[in-house]
Amino acid sequence: MDYISTRGGAPALGFEDVTLTGLASDGGLYVPRHWPQMGEGDIAALRGLSYVETAVRVMAPFVAGSLTEQELRDLCEAAYGRFSHAAVTPLKQLDHQHWVLELFHGPTLAFKDVALQLLGLFFERFLTNRDDHLTIVGATSGDTGSAAIDAVAGRAKIDIFMLHPDGRVSDVQRRQMTTVIAPNVHNIAIDGSFDDAQAMVKRIFADRDVTDKFTISAVNSINWARLMAQVVYYFYAAVRLGAPARKVAFSVPTGNFGDVFAGYVAAQMGLPIEQLIVATNVNDILHRALSSGDYSTSTVTPTATPSMDIQVSSNFERLLFDAGGRDGAALAEQMRGFEAAKAMQLTNAQREGAGKLFTSARADSDQMMQALRWAYDAAGEMIDPHTAVGLSAARQVALDPSVPVVTLATAHPAKFRDAVERSTGVRPALPARIGSLFEREERYEKLPGTYEAVRDYVTAHATPGKGAAKDAA
Ligand SMILES: *Cc1c(COP(=O)(O)O)cnc(C)c1O
């Protein structure tokens, strides 16, 4: 399989290069040149297969040319062997129509583990092939940092430097990062805000003195390999609910549009999906774009669902490209306009292409809390606030009662104990594998909030690689 850029001006790459590259050199995002097809017979043949076997069948065409099926299987077994549930992503029923798909049984209790655990293994394999060394630099206000650290801890050929604002992440979040003791894990608490930390990371990516000597990379959700790993659980869940004979709908708590775009990919591959519900909180740029075509940014309102507090959704570009007829030159121009004006209008083709599959709904804080409470009252299920936004959206959209609706559960309720307790009156317990967090040794470096301090720390502790050439973002 080869991959092309959404902006039409970067060379096509194979899976290995796409995984290590991130952003395309023309500023676009990589997508497969065509969607591999799974016919009815192929989907029916997934019945009864384990998560790992399902993953191999779904992902094999995307990695063809870079990994054999057996190599892919070995990596999937290693990645998903670390999940605490035998089904990896189990389905729970709430009532006659609604289910939740629990994606949070990975090592850090975040759905991001599903993709990042595999991405860490892809990195290690491909870096060994080309004898390079990767330096991952990131800033986190919480969840992504711990999932990324866990995914690469102890791996050869990779160092990770994760910046967090000192004193401004929760104790659980900090400890999930700082109790991972491995020679390649470098936690840095900076004296400053999350925005300061992020600005420093951006500066490192643009600093030629650093990028000439080190192969610097990020692990953000524009990485194609992350999206690909998320396509799997749409197939896994739909087959369990009767696919291909029965259509299923999904409601997805959405931030950067990565998770829900993976559902779109599943549909393009042939999975019969009735509808994809894009669930947003009050930061509803996607709801506005999908309902009225108006994709214009506004300021971000902080909510109880921080992973959905976004201004722009980077992966939305992939949908605009594919649904709008795959015209890279036209999209490049549209995106240039958007970057200048911070606003744009979707084309008719984009709206029609997206409208076939997507619908959207927003939930404010009251609606989120009501849904959280309903899941607990109706079925005894505790869900986290992000999942509750998804469930609220799922219940707002009118769908035929014969269509099962699956809400993706993106975080373990114990990660957001205060909000869950406010809605249900019950405080979720920390699962055993997280429970010992407070007894474990922490290790991290405190640095002043200046760029020079951070840069000097990174360059003193990172291993040089082949450098530059690679895109950073
Ligand atoms: C990252 C995240 C999301 C948003 O996922 P996207 O792929 O960015 O749309 C939703 N919920 C939780 C808990 C997350 O961590």
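Sequential numbering from 1 along the given sequence is applied to the chain's residues. Counting starts at 1 for both ligands and their atoms, in listed order.
- Of all non-hydrogen atoms in L271 and A243, the two that sit nearest each other are CD1-CB, 4.2 Å.
- Sorted by first then second residue, the side-chain hydrogen bond (donor to acceptor under 3.5 Å, both in side chains) pairs that include residues 353-364, not counting sequence neighbours, are D284-R362, H287-S360.
- Each salt bridge (Lys or Arg N to Asp or Glu O under 4.0 Å) pair with one or both residues in residues 247-258, not counting sequence neighbours, would appear here, but there are none.
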Show the short N or O contacts, below 3.5 Å, that ligand 1 makes with protein N or O atoms; if there are none, say 'none'.
unit_1	atom_1	unit_2	atom_2	d
ligand 1	7 (O)	G258	N	3.3
ligand 1	7 (O)	D259	N	2.9
ligand 1	8 (O)	N256	N	2.7
ligand 1	9 (O)	G255	N	2.8
ligand 1	9 (O)	N256	N	3.2
ligand 1	9 (O)	F257	N	3.1
ligand 1	11 (N)	T410	OG1	2.9
ligand 1	15 (O)	K112	NZ	2.5
ligand 1	15 (O)	S307	OG	3.2

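- The aromatic rings of Y3 and F15 sit tilted, their planes meeting at an angle between 30° and 60°.
- Listed by first and then second residue, the salt bridge (Lys or Arg N to Asp or Glu O under 4.0 Å) pairs involving residues 411-424 are D143-K415, D418-R427, E421-R427 (not counting sequence neighbours).
- Cation-pi check for R240 over Y236 is met; the charged atom lies under 6.0 angstrom from the ring centroid and within 45 degrees of its normal.
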